[in-house]
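What follows is a short report on a single structure.
In listed order, ligands and their atoms are each counted from 1.
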Amino acid sequence: MPILTEPLHLHSKHTQLSLFEDEQGQIRVAYFGTRLHDESDAMSMGCDQAPLLYSTYADSFSTPRNASGEYDLCIIQADGQISLALVHEHYEKHSLDKDRHEHIFTLKDPAYPVKIEIHLCVYEQSDTFEQWVSIHNESNTGIQLLRASSGHLYAKANHYFITGFRGTWGGESLMCETELALGHEIDFCSDTGTKAAQEGTPGIIIALNEPASETKGEVILGSLAWSGNYRLWCKHNQHHYLYAGVGLDITPAPYQLDAHSQFETPKMIWVYSDAGKGEASRRLHRWARQYGIRHGQKERYVLLNSWEGVYFNFNEETLYRMMERTAEMGIELFVLDDGWFGNKFPRNHDKAGLGDWEINHTKLPDGIRGLTEKAKALGIRFGIWLEPEMVNPESCLYQSHPDWAIQLNHREPKRERHQLVLDLSNPAVRGYIINVFRDLLTSNPDIDYIKWDCNRKISDPGSTYLDASHQGNLAIDYVRGYEEILRVITAEFPHVTIQACSAGGGRIDYGTLKHYHEFWTSDNTDAVERVYMQWGVSHFFPAIAMAAHVTASPNHQTGRSTPLKFRFDVAMSGRLGFELQPCDMNDDEVNYAKQALSEYKRIRPIIQFGDLYRLSNPWKNRVAAHMFVHGKRAILFAYLMDKWLADWPPKLKLQGLNPQARYRLTELNVDDSGFRTESHQRIVGGDYLMNSGLLIHWRRPLQSLCLELEETD
Ligand code: DGJ
C-alpha cells in the first residue's frame, strides 16, 4: 500500500516541487520550476522518466536508468555487499512557522537494517529549498559509507551552462561559465579538509538553454552548507539530461558508521529562478539574512583590523595610538590581529606560539584588560584574533600534547606556514579549545568580536585518537568537531560577533555562516582585484557578511596604487572596514575617511539589508556596477576598471527602482577629482533611470561612483 496516495506539490512563493511515489514505493520528482497555475499539470507529462528524489548505487542500474549511472548513496553492508534498496515507509510534514515547512520521507531497506530520512525544507517567502539526508544504521554491526551526498538535481534542456567559482589564496571566487557538452562532466571539489572554500565556494549556477543572464532565463543556484571536503558534479548524459550531484566528499577511505548510529549529510540549498541569476541571488540573500547567517538582520559595525597596519610589530603604545586614531575617525570597533600571545614561544612571527593563548607580557604588560579598558575609554569596541585549530611545534601546547596534532604513524607531519592542525575529532582537543574561549571571554567580558582564523589545510590525515577502523572518518569528524566547538561557544557567548577567516576566503560557505556573522573575503585587499572577487561572492552571499577593508596604497599584495575614493567605494559595498596603520594617514586622508564613514553609517541599512542588482560584470566590461535597493532608497556603485580607451562606455541602466517614483540623486564620497555624473542633486524618474540609464563621465581608469537615490514624496 503506497504511503503517498496522491502527488505532493511543495510550493514556495514562485517555485514548485512536485513529488510522487511510484509502484515500487520510491519517491520521484515530477517537476521543479516556476509555480504552476494548476499544480496538477506537473504530473501531465513524462512521469515514467521522472528521476528519484534520492538514489542509491543499486538504482543507478535500474530501468529506466535513474541518472545514467549516477547516485547519491553507496553503502557497504556488514556482510561486505555493496547493497541498498529503499522503499518508502513513512511521510510527515512539520510547519515550523508560517514560512518554513519541513517534509520528511522515511525509507527502509527490507533486506538490511538501514533507514534513510530525506528532509526537504521549503522556505516560502525566499523561494529556497533545502535538502539533507540522515542515514541510520539500525544493526548491531558497523557499515561503511562510500558516498553520502545531500541530493541531486535532474534537468532537461537544450543546452546547459555551468558556472563555478574556483580560486586560491589571494584570488578567491573567480567565476567562470562553461557550456557542458553532450557526454561531458564537470567536477568542482575540494580535498583540503580545512579552508575548503579557498579552492572554490561549494556552489554552482546551472543555466538552462542559454548562458546565465542577470535578468532573464532559467537558472538554478545551489550552495552546500559544509566547510569540509565537498564534491559538486554535473554530467550532461547521453539521454540529454543534466545530472547535478552535491555532497560532502568521503574519499579516499570509506566512512565507518557504527552500530546504532546515524550520519547526517550537510544541507544543500537550491534556488530556482525563471528571471535570471540576479533574482536567484536575491532570493538566496533574503534566505541567508533570515536563516543562513548568524544574526543576519543586525547591522554590522565598521572596524579597523591591525594586521596590514602593523603585522606582528607592535607594543602597547602602538596599539593605543592606533585605537585613538580609530576612535577619532568614527570607526566603531578595533580588532587586534595575530601576534598578541605566547611568552616562552612569543608570537613575533609565524614560526612560533600558536596554541599558547596567553597574553604576551613583554608586548602587552597591561594585558587584554588594558586594551579593553582603553577601548571603553575611547568609546569603541574591541575584538581579537585567534587561530584555535592550529599549533606551532614551537609552543608549550605541542610540547605537552604532540599527539594532539593530525599525523600519520611513523612519519614526520608536514608543516605549512610552520604549523600543524589539531585533531578536532578528539574530544580532549575540543575541550581544550572550548576552554581557551571560556577563559578569554569570561576574564575579558568586554571582548565583542572574535576573528577565527584557519591558515592551513590538512595533510598527513591520521589521528592518534581514532582507532584503526575509523581513520577514514577523520576529515568528516574534524568538521563535526569544529561545528561542535562553535555551537558551544556561540551558545555561551551569544553577544560576541565572529568572523570566519581562513587565510582569506577559505571558509565562505553556509556550513560556516550559520555560526558566524561574516567572512574575510580574501587576503588580497587590492581594491581592483576585490571588484572581481566580490562580484563572484555576491552570487551566493549577501553584502552584510562580506568583510571589505580599505587598505594602504600601494597595496601590500599587488603593489598597485589606487585612489582613496576607489578603495572606499569598493569596501563600502560590503561590510566596511579598515586594515592599515591609521597613524600613517595624512590630514586630507583622515578627513576624507571621516566623511565617507559617516555616509556609510547613514546608508548602511541599504547595503546590509537591501536587494542586490548586479548591473555590469567586470569580467565582460570595462565598467563594473551594482546597486542595492532597500524600500525607497538605493545606492549605486560603479567602477571604471583598468582601461579608459577614450570612448565612454554606454549608459548604465539601473534596476530594481520604482518606475512610478522620482528619485533625488546624490553623489557620495566625492573627492577633489570632481563629480562623475551631471545628475548630482537632480530629481529623475525611476522609469528613465531603468530604461534610458545614467550617463557617467569617465575620464581616468580607476575612477568610481557612489550614488545615493532616494524617492521624493
Ligand atoms: C591570515 C588572515 O587571512 C590575515 O587576515 C591575518 O589574520 C593573518 N592570517 C594573521 O596571521
Would you mind checking if E579 and R530 are paired as a salt bridge, meaning a charged N to carboxylate O distance below 4.0 Å?
no

Practice item. For the pair R415 and E394, find out whether any cationic side-chain nitrogen is under 4.0 Å from an anionic carboxylate oxygen. Key: yes

Less than 4.0 Å from some atom of ligand 1, heavy atoms are found in residues W307, D337, D338, W385, R417, K451, D453, N455, C501, A503, G504, W520, D523

Taking atom types as modelled, find out whether D453 and N455 have a side-chain donor-acceptor pair closer than 3.5 angstrom.
-> yes

Next on the checklist: Looking at K344 and D356, is there a salt bridge between them, counting it only when a charged N and a carboxylate O are closer than 4.0 Å?
Outcome noted: no

Taking the side chain as everything from C-beta on, heavy atoms only, tell me whether Y600 gets closer than 4.5 Å to I607. yes

Exercise for review: Examine the side chains of Q419 and E387 and answer whether a donor and an acceptor come within less than 3.5 Å of each other.
Suggested key: yes

